[in-house]
Amino acid sequence: MSERDIRNPTMTEASCRVAIGAAARRMRCRSIEADRKCDVDLRQHLFDDVLAWWLTRGPDDQYGGVFTCWDNRGVRLLSTDKYTWSQGRWLWLLAAAADAVRRGSAPDGSAVTVERCLTEARSTARFLRSGVVQPDHSTAYVTDRAGTAFEPSPGSGLSTSVFADCFVALGFARLAQVECDEELGALAELILLSAGARIGDGTARTEPYPVHPAFASFALPMIQLGTATEVYRATSSDASAQVAAGAVRALVDRFRGGDNGADLYEQPPLRDGVADSLLARHRAPGHALECLWFLVHAIDVVPAAARALQDAALGPEWICESARRSLTLGWDDEHGGLLRYVDVDGGPPRGRLLDDPYERLVTETWDTKLWWPHAEALYTTALLSAKYMDSELSRWYERLLRYTFSVFPAGPGQEWIQIRDRTGAPLDRTVALPVKDPFHIARALLLLIDLEPPEHCGASRPPHEPGR
């Protein structure tokens with residue numbers, strides 16, 4: 001891809017010159033607002049900034065695992081408690097980083113080595129196996145620094161989140177792949193199947209945000225799909241393949257609507273009388289975009305998942321159309337970037353209120369700009385534009401790249417300031433867990449550097465500015 005000038009007419013605060021080469025994936029941007037030039041090599045940013053920051057500040061060398069309860073700016077460690085959700089994701093990241101370094105993805109002279117990553121990964125795996133995984137293959141939600149599990153609230157029990165279970169399975173599966181560890185892969189599968197059984201019989205718990213009983217949750221088949229695909233990579237097992245295929249069927253049967261089925265529901269009603277509610281009407285664009293790349297990975301890796309999508313008569317055009325809809329719906333035309341939540345018809349979420357805690361989260365944080373939707377959207381648009389030759393998604397990728405790297409990175413040697421208000425200013429508040437999460441940014445960058453750069457590729461859709 002030749003270097004070219006790319007301008008975004010909706011963003012007066014920044015114009016960027018972008019060139020991501022197949023070898024270097026280099027982005028050069030000029031920030032008008034900051035009146036400074038910055039050169040960012042995505043590989044160097046991943047290994048020398050993001051991963052280096054976490055490997056310096058995160059690992060607990062005494063007990064294992066990672067410290068994640070940092071403030072948003074990454075300056076103060078607020079607690080040494082360890083949330084299983086983040087510990088499992090840290091394990092996945094370490095194993096994936098080790099694999100990337102082994103394959104030659106790190107820049108010359110990087111301090112991130114295979115040995116360092118695997119040492120920390122093994123330590124985290126021991127931490128999870130010793131104190132977190134329960135006899136029924138659920139997981140404790142949170143532990144103290146030493147790994148002693150405790151109830152997140154009195155009387156709640158230890159295992160309060162099926163998402164924590166799946167993230168532990170995800171981490172075990174990735175390390176099992178990298179180290180060819182059949183025992184660890186088998187453990188990942190047992191946790192996946194335990195989680196699936198509870199999701200299937202309706203007893204799965206979903207802290208930190210319990211789902212209203214009148215609604216289904218898009219997040220449940222989504223997390224099953226992503227986790228099962230990773231477990232299948234490690235085990236090639238029929239059981240994990242069937243979980244992935246079942247998740248595909250659930251997603252396409254229950255969570256699609258609108259024109260061409262491209263509208264992805266976040267919480268569709270399970271009974272009559274609540275379709276006018278805010279819970280039914282709201283959408284989470286970043287969530288939908290993340291799930292779409294899960295789906296692409298699943299159909300590429302798991303034959304049963306590919307057959308499930310084929311049986312629904314869906315293919316690349318539906319996947320790309322769903323991505324375009326989520327991007328258009330979620331884009332903030334006033335300030336740029338993706339809004340956290342929107343209404344099905346765009347703009348602030350609205351609808352009848354049911355006095356639900358998650359409902360309050362949606363209304364209070366809908367216009368925040370969070371790190372993870374932008375990191376996930378970057379990879380989704382890059383993957384789909386490259387794989388399916390979609391020129392509109394290529395332009396979306398460039399637009400997201402300009403916004404994301406003009407807003408989120410904290411500077412050389414730093415990670416991102418992950419939580420921001422609608423204008424892009426930092427916010428000191430909790431999102432989901434009281435942690436600074438090590439996962440989405442590094443995962444997206446790892447996946448991006450494995451891709452050929454998206455091109456303006458003359459796809460079948462007419463050229464126009466995305467979001468218009």
Side-chain angles (χ1 to χ4, degrees), residues 6 8 10-11 13-14 16 18 20 25 27 29 31 33-34 38 40 42 45-46 49-50 53 72-74 89 93 264 266 283-294 322-342 365-385 393-411 414-427 429 431-432 435-449 451 453-454 466-467:
I6 302 168
N8 181 351
T10 68
M11 292 180 62
E13 80 278 11
C16 299
V18 179
I20 302 182
R25 278 74 170 181
M27 184 190 79
C29 67
S31 170
E33 180 177 319
C38 59
V40 179
L42 294 184
H45 179 53
L46 169 62
D49 298 332
V50 177
W53 189 92
N72 189 31
R73 297 178 186 273
R89 302 209 286 196
L93 179 57
L264 296 178
E266 186 69 14
R283 300 293 184 266
H287 217 202
L289 291 162
E290 183 183 9
C291 187
L292 289 171
W293 78 250
F294 283 14
S322 296
R324 291 189 292 264
R325 173 178 167 76
S326 290
L327 289 159
T328 302
L329 194 66
W331 189 258
D332 183 351
D333 286 326
E334 182 176 357
H335 297 287
L338 290 170
L339 298 164
R340 185 180 189 184
Y341 300 113
V342 291
T365 70
W366 72 273
D367 61 349
T368 52
K369 304 291 171 59
L370 303 183
W371 78 106
W372 69 263
H374 294 83
E376 299 299 343
L378 274 174
Y379 179 62
T380 300
T381 52
L383 175 67
L384 298 186
S385 61
L393 289 176
S394 179
R395 290 191 293 276
W396 269 112
Y397 168 79
E398 292 166 346
R399 187 184 221 187
L400 283 158
L401 193 69
R402 288 192 299 273
Y403 177 84
T404 300
F405 279 90
S406 67
V407 170
F408 286 100
Q414 302 295 311
E415 204 229 27
W416 292 8
I417 297 179
Q418 298 181 356
I419 305 167
R420 296 179 178 265
D421 68 12
R422 186 172 183 180
T423 69
L427 280 176
R429 68 188 307 170
V431 172
V435 301
K436 183 177 180 67
D437 192 85
F439 186 56
H440 290 277
I441 303 163
R443 179 177 67 172
L445 291 171
L446 281 165
L447 293 169
L448 280 167
I449 64 176
L451 281 180

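Starting from 1, each residue takes its place in the sequence as its number. Being a predicted model, the structure only gives us computed values, none of them experimental.
Residues Ser385 and Ala382 come closest through the heavy atom pair OG-O, 3.2 Å. Among all heavy-atom pairs drawn from Ala375 and Ala444, the shortest one is O-CB, 3.3 Å. Contact detail for Leu445 and Leu42: the closest heavy-atom pair is CD2-CD2, 4.3 Å. The two atoms that bring Ser326 and Pro285 nearest to each other are O-CB, 3.5 Å, heavy atoms only. In this structure, Pro426 and Ile417 approach most closely via the heavy-atom pair CB-CG2, 3.8 Å. Counting all heavy atoms, side chain and backbone alike, Ala323 lies closest to Leu393 at CB-CD2, 4.1 Å.
For the atom pair Leu446 CG and Leu46 CG, the distance stands at 5.0 Å (nearest 0.5 Å). Here the OG1-CG distance, from Thr381 to Leu401, works out to 8.5 Å after rounding to the nearest 0.5 Å. Remark: Leu339 CG to Arg283 CZ distance equals 15.0 Å, nearest 0.5 Å. Taking CZ of Arg443 as the reference point, atom CG of Asp437 lies at 9.5 Å (rounded to 0.5 Å). With rounding to the nearest 0.5 Å, the separation of CD in Glu290 from CH2 in Trp293 is 6.5 Å. With rounding to the nearest 0.5 Å, the separation of CD1 in Ile419 from CZ in Arg73 is 11.5 Å.
Looking at heavy atoms from C-beta onward, Tyr397 lies in side-chain contact with Leu448 at the 4.5 angstrom threshold. In this structure, the side chains of Asp49 and Pro409 stay at 4.5 Å or more apart for every pair of heavy atoms. Two residues are said to be in side-chain contact when any heavy atoms from C-beta on lie closer than 4.5 Å; Trp396 and Thr328 meet this criterion. Using a 4.5 Å cut-off on side-chain heavy atoms (C-beta onward), Trp372 and Phe439 make no contact. Side-chain contact between Leu338 and Leu289 is present, with heavy atoms from C-beta onward closer than 4.5 Å. Between His440 and His374 there is no side-chain heavy-atom pair separated by less than 4.5 Å. In this structure the side chain of Ile441 never reaches within 4.5 angstrom of the side chain of Phe408, judged on heavy atoms. When side chains are defined from C-beta on, Glu334 counts as touching Arg422, because their heavy atoms get closer than 4.5 Å.
For Tyr341, there are no side-chain hydrogen bond (donor to acceptor under 3.5 Å, both in side chains) partners at least two apart in sequence or on another chain. Applying the side-chain hydrogen bond (donor to acceptor under 3.5 Å, both in side chains) test to Glu266 and every residue at least two apart in sequence or in another chain returns His287. Among residues two or more places apart in sequence or in another chain, the ring pair (Phe, Tyr, Trp, His ring centres under 6.0 Å) test is passed with Phe294 by none. In this structure, the side-chain hydrogen bond (donor to acceptor under 3.5 Å, both in side chains) partners of Glu415, at least two apart in sequence or on a different chain, are Trp54, Gln418, Lys436. The side-chain hydrogen bond (donor to acceptor under 3.5 Å, both in side chains) search around Thr404 returns none, not counting sequence neighbours.
Note on ring orientation: taking the six-membered ring where Trp is involved, the planes of Phe405 and His45 are perpendicular (angle over 60°, cut-offs 30° and 60°).
Side-chain atoms of Arg420 come within 3.5 Å of backbone N or O of Val407 as a donor-acceptor pair.
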Q | Leu264 and Cys291: CA distance, side-chain angles, deciding distance, side chain to side chain contact (heavy atoms under 4.5 Å, CB included) verdict | A | CA-CA 10 Å; Leu264 296 178; Cys291 187; 5.7 Å; no

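Identified under the salt bridge (Lys or Arg N to Asp or Glu O under 4.0 Å) test for residues 365-375, with sequence neighbours left out: Asp332-Lys369.
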